[in-house]
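In what follows, a structure is listed as structure tokens, so that the remarks can point back to it.
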Amino acid sequence: MRKILVLFVICFAGLITTAAAQSLADIAKQSRAQQKAHPNTTVIDNDVIPSVVDLSSETTPTQTPSADAKNDATDNKAPAQKDAGKSETKDDTGKQGAAEDDHKKADELKKKIADQKKEITQLEREVNVAQREAGVRAAVYYADAGTMLRDSAKFAEDSRNLKAEIDSKTHALNAAKQKLQDLQEQARKAGLSSSQIE
């Protein structure tokens, strides 16, 4: 019975394979027919791109004017043209100055963001240390029954003080994170990419 079942499965798999092969062959034939049906595709060859460059439009080293000729040409300019050249130079220097100011502002924002991240890291470390200390103090206190009986008031007061310290550091940490988000938003508005901000 098993042999017949195995033989049946093999035959069935063979039929599926041949059917799939036939369908793949049909798909290939259809794609070839569609490619032949669309002969409007552009082929780039030497017929499309000119192979001869017009040499008359190019300047040769012997045709370039000398520096003296250039100076004479600039001296012969009308005064209005000279003034226009000066104003363009002033505009260029103004644009360069604005670009330098933007660059300085971007550097300042990057520095502020880096300093804020350092502050956040420090505050997170302090909060973690305070929480661990509170956990260790509680474990030690509850492990010794004698200490629980003798110093319960002192433990309660110390616990309140430690909890207040943890709360104040957590509040400072949240404020620092908010300030970092504000600085990052300012940097985005200034045009810095997120890779420069992070």
Side-chain angles (χ1 to χ4, degrees), residues 41-44 48-50 53-54 57-61 63-143 154-198:
T41 58
T42 305
V43 177
I44 298 175
V48 177
I49 300 174
V53 178
D54 185 15
S57 65
E58 294 182 6
T59 59
T60 60
Q63 294 175 344
T64 58
S66 65
D68 294 334
K70 286 182 184 179
N71 290 337
D72 292 340
T74 56
D75 289 341
N76 293 334
K77 282 185 181 177
Q81 290 176 343
K82 288 182 180 179
D83 292 340
K86 289 179 183 177
S87 65
E88 287 176 7
T89 306
K90 288 179 182 177
D91 290 342
D92 290 343
T93 57
K95 289 178 183 177
Q96 289 174 352
E100 288 176 5
D101 289 342
D102 290 342
H103 186 68
K104 287 179 183 177
K105 288 179 183 178
D107 288 342
E108 288 175 8
L109 280 172
K110 287 180 191 178
K111 186 178 182 301
K112 286 180 181 179
I113 289 171
D115 292 342
Q116 194 64 29
K117 285 182 180 181
K118 287 178 186 176
E119 183 180 345
I120 288 172
T121 303
Q122 181 66 29
L123 286 170
E124 285 175 342
R125 189 177 302 128
E126 289 175 5
V127 168
N128 288 336
V129 167
Q131 288 174 343
R132 273 188 253 132
E133 284 179 5
V136 168
R137 285 179 47 82
V140 168
Y141 175 75
Y142 290 115
K154 184 177 183 297
F155 176 76
E157 185 179 338
D158 289 344
S159 295
R160 279 192 297 271
N161 292 339
L162 197 55
K163 184 174 180 345
E165 180 184 349
I166 290 171
D167 289 342
S168 67
K169 287 183 180 182
T170 303
H171 181 70
L173 176 63
N174 291 337
K177 286 182 179 179
Q178 182 61 42
K179 185 176 178 184
L180 176 65
Q181 288 177 352
D182 293 342
L183 286 171
Q184 288 175 335
E185 186 62 31
Q186 285 178 2
R188 283 188 196 95
K189 287 180 181 177
L192 293 176
S193 65
S194 55
S195 62
Q196 292 173 328
I197 295 170
E198 298 299 326

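What you see is a predicted model; the values in this text were computed from it and never measured.
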### Task
Sorted by first residue and then second, give each ring pair (Phe, Tyr, Trp, His ring centres under 6.0 Å) pair with at least one member in residues 155-189; sequence neighbours left out.
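Only Y141-F155, Y142-F155 qualify under ring pair (Phe, Tyr, Trp, His ring centres under 6.0 Å).
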
### Task
Would you mind reporting whether E157 and R160 have side-chain heavy atoms less than 4.5 Å apart?
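Yes. Closest side-chain heavy atoms under 4.5 Å.
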
Using side-chain hydrogen bond (donor to acceptor under 3.5 Å, both in side chains) as the criterion, list what pairs up with [X], not counting sequence neighbours.
X: K118; value: none
X: K111; value: D115
X: E165; value: K169
X: N161; value: none

Output all residues satisfying side-chain contact (heavy atoms from CB on, under 4.5 Å) with [X], sequence neighbours left out; order by chain, then residue number.
X: K112; answer: L183
X: E119; answer: Q116, L123, A176
X: T170; answer: V127, I166, N174
X: Q181; answer: Q178

### D167: salt bridge (Lys or Arg N to Asp or Glu O under 4.0 Å) partners, not counting sequence neighbours
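With neighbours one apart ignored, the set is K163.
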
### Message
Holding to salt bridge (Lys or Arg N to Asp or Glu O under 4.0 Å), I want the full list of residues that pass it with R125, two or more places apart in sequence or in another chain.
### Response
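Per chain and number, R125 pairs via salt bridge (Lys or Arg N to Asp or Glu O under 4.0 Å) with no residue.
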
### Task
Kindly give the heavy-atom pair with the smallest separation between I113 and A187, and that separation in Å.
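Where I113 meets A187 most closely, the heavy atoms are CD1-CB, 4.0 Å.
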
### Query
Could you walk me through whether K177 and E124 pass the side-chain contact (heavy atoms from CB on, under 4.5 Å) check?
CA-CA 10 Å; K177 286 182 179 179; E124 285 175 342; 3.6 Å; yes

### Task
Could you list all the salt bridge (Lys or Arg N to Asp or Glu O under 4.0 Å) pairs where at least one residue sits in residues 129-143, not counting sequence neighbours?
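Residue pairs passing salt bridge (Lys or Arg N to Asp or Glu O under 4.0 Å), neighbours aside: R137-D158.
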
